[in-house]
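Written out below as structure tokens is the structure these notes cover.
Keep in mind that what you see is a predicted model, and the values were worked out from it rather than measured. Counting starts at 1 for both ligands and their atoms, in listed order.
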Amino acid sequence: MLGIETSCDDTAAAVVRDGNSVLSSVATNQDAFHAKYGGIVPEIASRRHVALLSAVVEDALDRAGVRYAGVDGIAVTRGPGLIGSLVVGVAAAKATAFALRKPLYAVNHLHGHVFAAFLDRAEAPSYPFLVLLVSGGHSQLVAVASPTAMRVLGRTHDDAAGEAYDKTARLLGLPYPGGPELDRLARDGNPRAYAFPRHRPAADSLDLSFSGLKTSVRYFLESEAGRDAKAPDVAASFQAAVVDVLMARVESAFERDRYNAAVLSGGVAANSALQATFRSWGQRRGVPVFIPPPKYCTDNAAMIAASAYHQGEAVRVDPVTLTADPNLPFELSSSPGARL
Ligand code: KG4
Ligand code: ZN
């Protein structure tokens, strides 16, 4: 399966066999083009995709040792994401599938993050499993009963976890994207130095919120105590609050329902404190834990190819009528796709 992913600012292509074995995965990161603006500029992202995508796809095929004729299907991210970015990948995938007369699969980007847990692993998580999906654009808990039956149990009301990391990193004067920088800084800090607030949802809710935490860090840094505070202590204390909130939701989900495994996915899954806490939680609770390596946690096309393989006919679409959908709904059943 040839996978193509252009939903945000990474131009990515991959070739994956049987939904798990990655023959190649190429992702060109555009960070250098967006860094001076302190965030992603959609028009720049779209133009970079146009400039890069053909070369990225050919590179993925070369590295896999596969020619176009040897590809069995083409998988592309249909949404959610930036419309100007999505249309580049969707147009390329439609044209490729049409020209090669190969099946085309339209994948929900967030389902891709779920199937990242299946890549390059001898053992896959067994159904039903829970996914904590934390990235720059999304923070949610997902119950996965089967490849095509997934349900969002809770989501953030405001910032995504990665966004909270990036904004807090900026307050600390770290360069964009600040998540990994803040992670590094926090290693030298005391996570108990400052008690930043932990969001608690209403009863029965598994929702998340990070805006209160971010504001609290900002007010603290502007205060007298904050001006004397050591940046690593602030970073570690902020990170402890994020990890506490995320793990509290995972624990609540497991108290309510039975799952055979827990998956941590999305760009923030690369966070060292979150990974360590997630693993020790799994050990304590006797739950098998799956955390993809960083290259499959951040946006990539291998996870899109894997999704298409596992979801199969449920996401097969007509290459003539497929359109990108920046607001693609999460539930497969509610997405009125251009199904075949
Ligand atoms: O999944 P991803 O590549 O893109 C989206 O789909 O959003 O996630 C990128 C996000 C950014 O906000 C970045 O700061 C964050 O993941 N991130 C991290 C770490 N590595 C990446 N956040 C905290 N700690 C990290 N080590
Ligand atoms: Zn993503």
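Inclusion of Asp183 in the set of residues having an N or O under 3.5 Å from an N or O of ligand 1 is warranted. Taking any N or O of Gly136, backbone or side chain, at least one lies under 3.5 Å from an N or O belonging to ligand 1.
Nearest residue to atom 23 (C) of ligand 1 from Val242, Leu133, Leu274, Asn271 is Asn271 (criterion: closest heavy atom).
The single protein non-hydrogen atom nearest to atom 15 (C) of ligand 1 is Val268 CG2, 4.0 Å, given as residue, atom name and distance. Nearest protein neighbour of atom 17 (N) of ligand 1, counting heavy atoms only, is Gly267 O, 3.6 Å. With respect to atom 4 (O) of ligand 1, the closest heavy atom belonging to the protein is Asp299 OD2, 3.5 Å. Of the protein's non-hydrogen atoms, Gly179 CA, 3.5 Å is the one closest to atom 22 (N) of ligand 1.
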Subject >> Test log, rule ring-ring contact (aromatic ring centres under 6.0 Å, His included), inputs Tyr127 and Tyr259 >> reply: CA-CA 7 Å; Tyr127 298 99; Tyr259 298 100; over 10 Å; no

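For the side-chain hydrogen bond (donor to acceptor under 3.5 Å, both in side chains) test with Lys214, the passing option among Asp158, Thr168, Asp159, Asp166 is Asp159; the others fail.
His109 contributes NE2 as its N, O or S atom closest to the Zn ion (ligand 2). Nearest N, O or S atom of Asp299 to the Zn ion (ligand 2): atom OD1.
When only modelled atom types and interatomic distance are considered, Gln239 and Ser237 share no side-chain donor-acceptor pair under 3.5 Å.
Taking 4.0 Å as the cut-off, Gln239 does not count as a neighbour of ligand 1 on heavy-atom distance. Between Pro180 and ligand 1 there is a heavy-atom distance shorter than 4.0 Å. Using a 4.0 Å cutoff on heavy atoms, His109 counts as a contact of ligand 1.
Formation of a donor-acceptor pair under 3.5 Å by the Asn260 side chain with backbone atoms of Phe129 is not found in this model.
A cation-pi contact links Arg48 to Phe33, judged by a cut-off of 6.0 Å to the six-membered ring centre and 45° from its axis.
Residue contacts with ligand 1, taken as heavy atom pairs separated by less than 4.0 Å, involve Asp166 solely via side-chain atoms from C-beta onward.
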